Protein chains: 2
Amino acid sequence: MGQDLVSRLRADIVSHIFMPEAKLKFADLTKRYDVGIGTLREALSQLVSEGFVTLEAGKGFKVAQVSREELIEVTDHFVDLEKRAIADAIAHGDDDWESHIVAAHHRLSIIENLPWAQRMERHGEWVQRHREFHESLVAACQGRWLFRLRSMMFDQLDRYRFLSKMSLDGQGKKKFEEHRLIMQAVLDRDVAKATEMIEEHIRGTTEAGLKVL
Amino acid sequence: MGQDLVSRLRADIVSHIFMPEAKLKFADLTKRYDVGIGTLREALSQLVSEGFVTLEAGKGFKVAQVSREELIEVTDHFVDLEKRAIADAIAHGDDDWESHIVAAHHRLSIIENLPWAQRMERHGEWVQRHREFHESLVAACQGRWLFRLRSMMFDQLDRYRFLSKMSLDGQGKKKFEEHRLIMQAVLDRDVAKATEMIEEHIRGTTEAGLKVL
DNA sequence: GACAATCAGATTTTCGAAAAATTTATATTC
DNA sequence: GAATATAAATTTTTCGAAAATCTGATTGTC
């Protein structure tokens, strides 16, 4: 399915299998993903609007750059949007929303509790479950564009989260504890605490990323 | 060129040539725009990420809905982002930026000074020049994502601007004067006044749109 | 040697035909 | 007559060949 190809491409860009500014040639990609040129082109042009890929007319597709400046800006936008989305979700969330959060957190904690080496092996899964956990927190957000914009920024941060993975080694346990506390604050419907913790959580990761860039 | 097709499609959606929720069939579109299916698909999938079109797997493309709720939400996001972008642009803009604003305003005023009937005839051009004027105001904005997000919301508002066109009949002169005053405030580097005026300018149009929806 | 023109190879872009899927219409059964 | 199954028609989706474009090397000229 098409949407799945977009996700696979994005995942490969996020995990730096395709390095920033690398050329994305159709000849290579059709082999790697076993799809036709047209299908690929459609997926890539979607990633252009998402900001992961750039397209220069006649010169083809390239992986978008990463930079300190962008990381800082994206972090600021994400923190701002995420706080609002969390508040919105806490205001509107029901029992179903709560139980989905608990479930997503459990799935994430299974990987986060693994020994370091194993956790690294399953980094792709971690990214996925981490995304799902954070998304579950704001799933009850009523503002559709608020949700959309914050998800866009979250996806962008995923690229930098991978970079910070290296300088993050010792911090695994700390991040894990933060996830639990954020969940608790959200379930307690404590907007002030939840937003404050989220901000600290995100900015901490960004700090680590800035060290590598 | 591909990008141009995206613009033409967007313009036709904005101007309600394709009504909200209307099905976008390839058979029709290939004739209308005289391009192949693949090219069309690429353009449409870009409009999906922009939020103008929806895609249900296997069921094809449809024009995205419009609603009071969305208009209100998009307005709020746009006002917020535009104010920040204007402040950013005023902080960084140079002489070149200023002169582009004056030029864009002049081009817009040529159409806005036309008698009502003629102005309506050239509504497509007005939309384009109106976009260019507003974009020129924030062109010096350094935050690339701030610029991007605000442009996204501006494009969304274009859909509703068309709706408000009808209930706007008497207000043409007022809007024209507002554009001049906003330009003046920006050129004076008066952030407080510029942001205040922009907000009033936008919310006024949204009010008109809400009457129709 | 510096610069422009030319050409071959590689890459992107476009297109429409074939395959897959969905919807609509028709027939069959209870 | 309603419900289900079958067939036809419509529409979407995929794919790769052909056209257009770009890149880089080679040749020729000043």
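Nothing here was measured: the structure is a model prediction, and the numbers come from that model.
In this model, the phosphate group of C:dT23 is approached by a side-chain N or O of B:K59 to a distance below 4.0 Å at OP1 or OP2.
For the contact set between residues 17-26 of chain A and DNA chain C, defined by any heavy atom under 4.0 Å, the members are A:K23, A:L24, A:K25, A:F26.
Ring pair A:H100/A:W97: centre-to-centre distance not below 6.0 Å.
Nucleotide D:dT11 holds its P atom 8 Å from the CG atom of B:D28, rounded to whole Å. The nearest whole Å value for the distance from the CG atom in B:D4 to the P atom in C:dT13 is 15 Å. We find that CZ of B:R41 is positioned 9 Å from C1' of D:dT14, with the value rounded to whole Å. Rounded to an integer number of Å, the gap from B:E56 CD to D:dT11 C1' is 14 Å. Nucleotide D:dT11 holds its C1' atom 13 Å from the CG atom of B:L40, rounded to whole Å. Distance, B:L29 CG to D:dT11 C1': 12 Å, rounded to whole Å.
Taking for each of A:G58 and B:A27 the nucleotide of DNA chain D with the nearest heavy atom, the 5'-most of the two is the partner of B:A27.
Both tests hold for A:R150 against A:F154: distance to the six-membered ring centre under 6.0 Å, angle to the ring axis within 45°. The cationic group of A:R148 lies under 6.0 Å from the six-membered ring centre of A:W145 and within 45° of the ring axis, placing it in a cation-pi geometry.
Picking from D:dT12, C:dT13, C:dT14 the nucleotide with the shortest atom distance to the side chain of B:E42 gives C:dT14. Here the nucleotide nearest the side chain of B:L55, chosen from D:dT23, D:dT13, C:dT13, is D:dT13.
Checked against side-chain hydrogen bond (donor to acceptor under 3.5 Å, both in side chains), A:D80 has the following partners two or more places apart in sequence or in another chain: A:R84, B:R84.
Of the charged side-chain nitrogens involved, at least one lies within less than 4.0 Å of a carboxylate oxygen, so that A:D12 and A:R32 count as a salt-bridged pair. Salt bridge A:E132/A:R129: absent, no basic N to carboxylate O contact under 4.0 Å. Under the 4.0 Å criterion applied to side-chain N and carboxylate O atoms, B:R203 and B:D76 are assigned as salt-bridge partners.
Between B:H130 and B:H179, the ring planes are tilted. Angles from 30° to 60° get that label.
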Shorter than 3.5 Å, N or O on both sides, protein versus nucleotides 15-17 of chain D: list them out with atom names.
unit_1	atom_1	unit_2	atom_2	d
D:dC15	OP2	A:G36	N	3.0
D:dC15	OP2	A:T39	OG1	3.4

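A side-chain donor-acceptor contact under 3.5 Å links A:R189 to the backbone of A:I90.
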